Amino acid sequence: MIALIDCNSFYASCEQVFRPDLKGKPVVVLSNNDGCVIAANSEAKALTDIPMFEPVFKIKDQLLNNGVTFFSSNYTLYGEMSDRVMRILQEFSPLVEIYSIDESFIDLSGMECQDLRAYGIAIRDRIMRYTGLPVGVGIAPTKVLAKLANRRAKKEEGNDHVFVIDSEEKRIDTLHWAKIKDVWGIGRKHTKRIQDTGKYSAFDFTQLPLSWVRKHMTVVGERTWRELQGENCLPLEHSPKPKKAIGTAKSFGKKLKKLSLIEEACSYYINEVSEVLRSQDCCAKYLKIFLETNYHSEHDRQYYNSITVTLEVPTNNTFILNTEGKKALHQIFKPGYRYKKVGVCLSGIVPKEYVQTNLFASTYEKVGLMEAFDRINQKFGKTTLAPALMDTRKINQWELIKEERSPRYTTQWKEVLCVK
DNA sequence: TCTGGGGTCCTAGGACCC
DNA sequence: TCTGGGGTCCTAGGACCC
């Protein structure tokens with residue numbers, strides 16, 4: 001058996017943990033740049049029908065009139081709260097697959113004879129007691145069924161956020177209960193295609209011939225179909241796989257026309273992604289830089305361009321990547337546009353001990369330089385050392401807007417909650 | 001005026017190899 | 001006149017996830 005543990009309205013719940021005055025009140029969390037709603041707690045969802053990813057400016061009045069509290073996203077806080085939850089889960093199973101910031105699959109094989117519902121309740125209660133975060137627990141023989149069980153745990157009254165599929169009757173019953181779009185792995189496009197054949201429940205989907213599923217939804221759809229019948233096709237991952245691509249691209253706080261400021265942001269992102277790359281002991285062969293204007297805006301002239309640089313020798317050196325990135329950016333930058341976003345993406349990622357060197361390469365790396373660079377930044381703070389191109393004093397000229405960010409309660413001494 | 005960010009997997013088609 | 005057979009690698013596009 002597999003359990004899926006998922007935090008309820010995770011970002012909003014994290015904010016509420018440190019603001020007990022907001023208990024039982026509507027809370028929403030906004031995306032970067034305070035652009036869209038990305039999380040809303042049940043009170044906020046109940047109050048108004050808040051569509052996720054709706055631009056905030058369109059619904060701000062509606063939210064304010066209903067006394068909803070807003071937060072800008074505070075990923076430092078959410079990431080650290082997530083670590084706490086995942087550590088607790090390790091007390092319940094030797095195998096925990098962290099699937100995302102707010103959910104994990106855990107292996108319960110060998111425990112089938114136990115009272116799994118009681119076990120699920122114990123997980124739910126311990127996480128609440130240790131972190132203050134509410135979670136839902138779904139337990140079933142496969143991942144896709146565990147996802148459905150988790151959904152039912154939360155949505156159906158009387159389950160107290162724990163639901164177990166441990167018999168054929170419960171499996172069939174849950175498949176009838178679930179709509180097609182509730183199935184993990186079936187998104188908007190496939191839902192529509194399936195509904196066009198006159199099928200509406202997850203059960204109906206399992207009655208479609210496999211040949212149809214295979215033809216229209218490839219092998220990915222076939223796995224989902226099989227998992228719903230109780231056949232395991234998606235094994236738990238024992239260890240996190242190294243990333244195949246590492247990228248970052250954020251909208252500027254305001255539209256930028258000047259190349260020099262875009263350069264700053266670009267070097268900042270390169271610094272960030274190369275640090276992630278080094279943390280997994282890898283090097284990258286390709287560096288992609290892209291630049292874009294605001295495609296939502298009708299009156300602005302539009303421009304998008306990207307360039308992928310093939311590095312002579314795969315590297316994770318911030319300085320080499322910065323030099324290459326700057327050259328690439330100069331090639332695609334065209335004056336006269338109001339730019340909204342610059343992005344960088346590293347790919348062709350290989351473990352650093354397998355890097356294929358090049359006899360004629362002109363780059364020369366100082367051994368140990370980046371290790372020292374990272375250690376100093378870990379000890380004294382994120383940008384204690386940075387390439388000169390990245391002028392941290394100018395950051396406010398392009399950085400994202402986060403007007404309502406809560407304190408970083410758990411990671412900054414100066415921001416620790418004070419109890420009187 | 002203001003519209004998120006970071007990923008994965010699969011397939012088809014083209015270019016190329018011997 | 002007749003024009004093979006077995007591959008790999010890369011990219012773009014589509015679908016999905018949180």
Side-chain angles (χ1 to χ4, degrees), chain A residues 4-11 28-39 51-61 63 70-75 78-79 82 97-105 143-144 147 150-151 180-194 213-224 233-234 237 240-255 265 269 272-273 276-277 280 285-286 288 290 292-300 306 308 310 338 340-349 400-404:
Chain A
L4 173 70
I5 297 93
D6 170 312
C7 301
N8 307 345
S9 321
F10 181 56
Y11 298 168
V28 301
V29 176
L30 310 181
S31 64
N32 276 339
N33 260 338
D34 295 347
C36 303
V37 174
I38 54 168
M52 289 295 159
F53 306 105
E54 187 74 354
V56 172
F57 72 91
K58 284 190 184 165
I59 53 169
K60 192 150 193 175
D61 290 340
L63 298 177
F70 295 77
F71 288 95
S72 303
S73 32
N74 183 347
Y75 289 105
Y78 311 148
S82 170
E97 179 192 330
I98 299 174
Y99 179 69
S100 76
I101 193 164
D102 75 331
E103 63 188 291
S104 272
F105 291 101
K143 281 184 170 178
V144 174
K147 272 275 195 182
N150 182 287
R151 185 175 180 86
I180 285 172
K181 68 171 170 52
D182 299 339
V183 177
W184 185 46
I186 304 185
R188 227 181 44 237
K189 293 278 169 69
H190 286 323
T191 298
K192 177 152 191 324
R193 181 170 279 157
I194 297 164
V213 175
R214 180 78 207 210
K215 184 176 169 210
H216 294 103
M217 302 170 70
T218 76
V219 67
V220 182
E222 176 174 344
R223 284 186 201 125
T224 306
C233 305
L234 304 168
E237 302 289 344
K241 289 182 179 159
K243 297 234 187 299
K244 295 180 173 174
I246 301 167
T248 191
K250 296 178 191 99
S251 305
F252 306 126
K254 53 190 173 209
K255 306 291 171 280
Y269 297 159
E272 249 175 41
V273 294
V276 175
L277 186 63
Q280 66 175 41
K285 190 165 175 15
Y286 305 106
K288 175 177 170 178
F290 68 88
E292 70 187 31
T293 51
N294 181 9
Y295 54 85
H296 291 292
S297 168
E298 283 169 12
H299 39 266
D300 275 330
S306 76
T308 301
T310 304
R338 296 173 69 230
K340 182 196 164 203
K341 184 189 281 183
V342 68
V344 307
C345 186
L346 297 169
S347 59
I349 291 175
L400 352 138
I401 299 164
K402 288 189 179 223
E403 279 180 351
E404 306 291 341

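Because the structure is a prediction, the values reported are computed rather than measured. The chains referred to below are lettered A, B, ... by the order of the sequence lines, with proteins before strands, and numbering in each begins at 1.
Here the nucleotide nearest the side chain of E103(A), chosen from dC10(B), dC18(C), dA15(C), is dC18(C). Of all nucleotides listed (dC9(B), dT3(B), dC10(B)), dC10(B) comes nearest to the side chain of V219(A). Closest approach to the K250(A) side chain among dG5(B), dT3(B), dG4(B) is made by dG5(B) (side chain taken as heavy atoms from C-beta onward). Checked against dC18(C), dT3(B), dG5(B), the side chain of S100(A) finds its nearest nucleotide in dC18(C). Relative to the side chain of K255(A), the nucleotides dC17(C), dT3(B), dG4(B) differ in distance, and dT3(B) lies closest. Side chain of K340(A), nearest nucleotide from dT8(B), dG4(B), dC2(B): dG4(B). Comparing dG4(B), dC17(C), dT8(B) by their closest approach to the side chain of I38(A) singles out dG4(B). Candidate nucleotides dT8(B), dG5(B), dC2(B) were compared by shortest atom distance to the side chain of F57(A), and dC2(B) ranks first.
A close approach under 4.0 Å does occur between a side-chain nitrogen or oxygen of K189(A) and OP1 or OP2 of dA15(C). In this model, the phosphate group of dC9(B) is approached by a side-chain N or O of K244(A) to a distance below 4.0 Å at OP1 or OP2.
Across all strands shown, S73(A) has no heavy atoms under 4.0 Å from either base or sugar-phosphate atoms. Using a 4.0 Å heavy-atom criterion, one finds that K181(A) contacts no nucleic acid atom at all. The residue K341(A) sits close only to the backbone: its heavy atoms come under 4.0 Å of sugar-phosphate atoms, none of a base. Among the atoms of the strands shown, none is found under 4.0 Å from any heavy atom of Y295(A). At the heavy-atom level, N33(A) lies nowhere under 4.0 Å from the strands shown. Residue-level contact check: K60(A) touches neither bases nor backbone, having no heavy atom under 4.0 Å from any strand. Within the nucleic acid shown, L30(A) has no heavy atom closer than 4.0 Å to any nucleic acid atom. Contact annotation for E54(A): no contact, since no heavy-atom pair falls under 4.0 Å across all strands. Using a 4.0 Å heavy-atom criterion, one finds that D34(A) contacts no nucleic acid atom at all. At the heavy-atom level, R223(A) lies under 4.0 Å from the strands shown only through sugar-phosphate atoms. Among the atoms of the strands shown, none is found under 4.0 Å from any heavy atom of I101(A). Contacts of S251(A) with the nucleic acid, taken as non-hydrogen atoms under 4.0 Å apart, involve only primed sugar atoms and P, OP1 or OP2.
The base-pairing partner of dC18(B), taking Watson-Crick or G-U wobble contacts with both distances under 3.5 Å, is dG5(C).
Following rounding to the nearest Å, I98(A) (CD1) and dG7(B) (C1') show an atom-to-atom distance of 16 Å. When the C1' atom of dG7(B) is taken as reference, atom NZ of K288(A) falls 13 Å away, rounded to whole Å. Look at NZ on K243(A): it is 7 Å from P on dT8(B), rounded to the nearest Å. Rounded to whole angstrom, the span from the CD1 atom of I246(A) across to the C1' atom of dG7(B) amounts to 11 Å. In this entry the distance linking CD1 of I401(A) with P of dC2(B) reads 10 Å, nearest Å. Atom NZ of K143(A) is separated from atom C1' of dT8(B) by 12 Å (rounded to the nearest Å). Following rounding to the nearest Å, I180(A) (CD1) and dA15(C) (P) show an atom-to-atom distance of 17 Å. As a whole-Å value, the separation of E403(A) CD from dC2(B) P is 14 Å.
Along DNA chain B, the nucleotide nearest R214(A) and the nucleotide nearest D300(A) are compared for position; the residue whose nucleotide lies closer to the 5' end is D300(A). Taking for each of T218(A) and T248(A) the nucleotide of DNA chain B with the nearest heavy atom, the 5'-most of the two is the partner of T248(A).
Note on K147(A) versus E103(A): salt bridge recorded, some NZ/NE/NH1/NH2 to OD/OE distance being below 4.0 Å.
Q280(A) places a side-chain N or O within donor-acceptor distance of the main-chain N or O of K243(A), the cut-off being under 3.5 Å. Between the side chain of D300(A) and the backbone N or O of R338(A), no donor-acceptor pair lies under 3.5 Å. Listed for the T248(A) side chain is no donor-acceptor partner under 3.5 Å among the backbone atoms of Y269(A). Side-chain N or O atoms of D102(A) include none that pairs as donor or acceptor with a backbone N or O of F10(A) at under 3.5 Å. Within the 3.5 Å criterion, the main-chain N or O of Y75(A) finds no donor-acceptor partner in the side chain of S73(A).
Taking atom C1' on both nucleotides, dG4(C) is separated from dC17(B) by 14 Å, rounded to a whole Å.
Closest of all the heavy-atom pairs between K341(A) and K250(A) is CG-O, 3.5 Å. Closest heavy-atom contact between S72(A) and Y78(A): O-OH, 3.8 Å.
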